[in-house]
2 protein chains.
Amino acid sequence: MRSGPNAVAMSTTFPELFDRFSAALLPAETPDATILRFRSIARAIRLDSHGHAEFDPKAEQLAFVCVGSAKLVARASGGREQVVSFHFAGELACVPGGALHAYSIEALTPCELLAFPVGEFLDLARSEPAILSEVCDRVMVALHRASEKSVALGRKTAQERVCSFLVGMTERIGVRQGNGFAMRLPMSRRDIADALGLTNETISRQFAELRMSGIIETSGRSLVTVPDIGSLRDLGGYMQLPERNAA
Amino acid sequence: MRSGPNAVAMSTTFPELFDRFSAALLPAETPDATILRFRSIARAIRLDSHGHAEFDPKAEQLAFVCVGSAKLVARASGGREQVVSFHFAGELACVPGGALHAYSIEALTPCELLAFPVGEFLDLARSEPAILSEVCDRVMVALHRASEKSVALGRKTAQERVCSFLVGMTERIGVRQGNGFAMRLPMSRRDIADALGLTNETISRQFAELRMSGIIETSGRSLVTVPDIGSLRDLGGYMQLPERNAA
DNA sequence: TTCCTTCATTGATCCGTGTCAATGAAGAGA
DNA sequence: TCTCTTCATTGACACGGATCAATGAAGGAA
């Protein structure tokens, strides 16, 4: 693992970081010996805002976000960047290895991670089915998010992509406000664009349209409020499932 | 589960189908009782070419492809279709449940599947860590394919997408021929288009260009030969990794 | 506070791919 | 074999979002 220019800064000690990982993924009955072995293969990564961590491109990693938020970025030729996924504290990111694109993790806010080589991680997890099961669940959630994202990237208009993105974010980091939500987006317009296969200009224009239609309100660069989540969802290009009667 | 107009046709018996699943995913030492329980939650799906299987949109499924090949399709509003992934015999497809798009599995060739409700499947798998581990591996492979696909859908030109697709297919179903590969694509141009976020016309035009450049040769609708896989890979828009010296 | 850099916004123009339309080839079934 | 349907191919044109360019707002640093 190699860290970028903005790496290193934080406060949290390794034991504190490991405790957060342990609380989220290791069940209470995990034997101490197993816990120690997880600890021995964990590598702490501390990133300032915009700091980035590059990994050995051959070796797949699991990265647990202990503190802050980050993006998993893939690079194609010509410096093109695609944000594969955003991750918040408590989530697990899978960083592919041996792939045809170059992957890295970049901090959206000051961020602390624990990185594990997948092979060793799964070897340990095999001894504790509950851990394996938890990891399996989380990877499936990631796969479903990726599947839903394929639809957006492959078949949706700019407006639908932006609305889908906002709907997803309200579910992950929004706080309820009446019929709607408020949230502070930790990523820039450019990050959103790189996640949705668009440009920052297009994101700005779509935000402007949504603001004018009263679908969203913004304040400063990062605060977004959605007065009525239903109207945002209606613009997301989703399949209208007949059984959406539950209000 | 509900099957479409072209469902039902085949020959293979349920025990034969289950044996293929069992050989691929259940280790030799799996207790008979566990095997029987897997058998009791497995549902056989037999599809003619173009047949499709719809699932309860609330209930996530794991579908093991015993025979043939299939596509996992998501539908958005306005009848738009996105092919999330292609699957060949021996592979495991994750069909999302409770999602904002409607998913189905559609046969590319006559096809036989075993479908399992995820919850019950994982409950059983927890009793056998080796099974859980195998499933986890396969889901991670699917996630990596999805990540690589995000880059294509979000940031690549039509030509790069088609080349990436062909590179991926040579790796999965190609047979080596000198420096290159030959393969019989079971999916139509339209299927490829729906997988790459393009139209069938654009696929045709890109195939025409690649034919003219001598990068590929085609024969009939489905046979594609790639004389030199290197030149195809060069057009895929991949990150040029410095350590690609291994010839 | 004030500066200064980064990020967001808005406008004008261009281009890649979609759309619409017509023709041709493949391959299944009688 | 011949027919008939489906799929692939090719062309003309339109349009959504990219690109290029300029201005303005946020918010961190001193």
Side-chain angles (χ1 to χ4, degrees), chain A residues 5-6 9 48-51 76 78-82 106-110 152-163 165 184-212 216-224 237, chain B residues 5-6 9 48-51 71 76 78-82 106-110 152-163 184-212 216-224 237:
Chain A
N6 294 13
D48 276 344
S49 193
H50 299 96
R80 290 171 291 182
E81 293 192 12
Q82 174 67 34
E106 304 187 16
L108 298 173
T109 64
L153 293 178
R155 288 285 175 242
K156 290 191 184 179
T157 64
Q159 186 179 69
E160 289 170 332
R161 294 186 206 196
V162 169
C163 292
F165 167 78
R184 192 166 284 282
L185 295 178
M187 68 290 285
S188 68
R189 302 289 186 264
R190 175 62 183 277
D191 290 329
I192 298 171
D194 285 343
L196 301 182
L198 299 167
T199 60
N200 51 355
E201 293 95 329
T202 298
I203 303 297
S204 259
R205 281 188 255 263
Q206 295 302 331
F207 269 55
E209 269 193 36
L210 291 172
R211 258 193 306 267
M212 287 194 302
I216 65 171
E217 292 155 17
T218 63
S219 165
R221 282 171 177 166
S222 64
L223 189 65
V224 175
Chain B
N6 294 12
D48 276 345
S49 193
H50 299 97
K71 54 179 176 175
R80 290 171 292 182
E81 292 192 12
Q82 174 67 35
E106 304 187 16
L108 299 173
T109 64
L153 293 178
R155 287 286 176 240
K156 290 191 184 180
T157 65
Q159 187 179 69
E160 289 170 332
R161 295 186 205 196
V162 169
C163 291
R184 192 166 283 281
L185 296 178
M187 70 290 285
S188 68
R189 302 289 185 263
R190 173 64 182 276
D191 290 328
I192 298 172
D194 286 342
L196 300 182
L198 299 168
T199 59
N200 50 356
E201 293 94 330
T202 298
I203 303 298
S204 260
R205 282 187 256 265
Q206 295 302 331
F207 269 56
E209 269 192 37
L210 292 172
R211 258 193 305 265
M212 287 195 302
I216 65 171
E217 293 154 16
T218 62
S219 166
R221 283 171 177 167
S222 64
L223 189 65
V224 175

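All figures in this text were calculated on a predicted structure; none of them were measured in a lab. Labels below follow one simple rule: chain letters A, B, ... track the order of the sequence lines, proteins then strands, and each chain is numbered from 1.
- The distance from atom CZ of Arg80(A) to atom C1' of dG16(C) is 14 Å, rounded to the nearest whole Å.
- Although no hydrogens or angles enter the test, the distance criterion places a donor-acceptor pair under 3.5 Å between the side chain of Gln82(A) and the main chain of Ala195(A).
- For the pair Arg184(A) CZ and dA26(D) C1', the computed distance is 12 Å after rounding to whole Å.
- With hydrogens and angles disregarded, no donor-acceptor distance shorter than 3.5 Å links the side chain of Arg184(B) to the backbone of Ser222(B).
- Within 4.0 Å (heavy atoms only), Arg155(A) reaches no atom of the nucleic acid at all.
- Residue side chain Arg211(B) does not reach the base of dT9(D) through any donor-acceptor N/O pair under 3.5 Å, judged by distance alone.
- The CG-C1' distance, from Asp48(B) to dA28(C), rounds to 13 Å in whole Å.
- Summary for the helix from dT1(C)-dA30(D) to dA30(C)-dT1(D): the axes at its two ends, each from 5 pairs, differ by 50° when rounded to the nearest 10 degrees.
- Ile203(A) has its side chain out of reach of Arg190(A): every pair of non-hydrogen atoms, C-beta onward, lies at least 4.5 Å apart.
- Within 4.0 Å of Ser204(B), counting heavy atoms only, lies at least one base atom of the nucleic acid.
- With a 4.5 Å cut-off on side-chain heavy atoms, Phe165(A) and Gln206(A) do not count as touching.
- Separation of atoms CD (Glu81(A)) and CG (Asp191(A)) is listed at 8.5 Å; rounding is to 0.5 Å.
- Non-hydrogen atoms lying under 4.0 Å from DNA chain D are contributed by Arg189(B), Arg190(B), Glu201(B), all within residues 189-202 of chain B.
- With dA12(C), dA8(D), dT9(C) as the candidates, the nucleotide lying closest to the side chain of Arg205(A) is dA12(C).
- A straight line from CG of Leu210(A) to C1' of dA8(C) spans 15 Å, rounded to a whole angstrom.
- Taking each heavy atom of Gly197(B) and Leu153(B) in turn, the nearest pair found is N-CD2, 3.8 Å.
- The base of dA26(C) is paired with the side chain of Arg221(B) by a donor and an acceptor separated by under 3.5 Å.
- When the nearest nucleotides of DNA chain D are assigned to Gln206(A) and Ser219(A) by heavy-atom distance, the more 5′-ward of the two goes with Gln206(A).
- Residue whose closest nucleotide on DNA chain C sits further toward the 5' end, between Phe207(A) and Ser222(B): Phe207(A).
- Note on His50(A): a side-chain N or O is less than 4.0 Å away from OP1 or OP2 of dC7(C).
- Atom-to-atom, CG of Leu223(A) to P of dA8(C) comes out at 14 Å; the value is rounded to the nearest Å.
- Nucleotide dT10(C) holds its P atom 11 Å from the CD atom of Glu209(A), rounded to whole Å.
- Of the two residues contacting DNA chain D, namely Gly220(B) and Lys156(A), the nearest-nucleotide position lying further toward the 5' end is that of Gly220(B).
- For CZ of Arg80(A), the number of neighbouring non-hydrogen atoms (other residues, nucleotides, ligands) closer than 6.0 Å is greater than 12.
- Ser188(A) OG to Arg221(A) CZ: the interatomic distance, rounded to the nearest 0.5 Å, is 9.5 Å.
- Counting only distance, with no hydrogens or angles, the side chain of Arg155(B) and the backbone of Leu198(A) share a donor-acceptor pair below 3.5 Å.
- Rounded to an integer number of Å, the gap from CG of Leu185(B) to P of dG27(C) is 13 Å.
- Judged by distance alone, the side chain of Ser49(B) and the main-chain N or O of Pro110(B) form no donor-acceptor pair under 3.5 Å.
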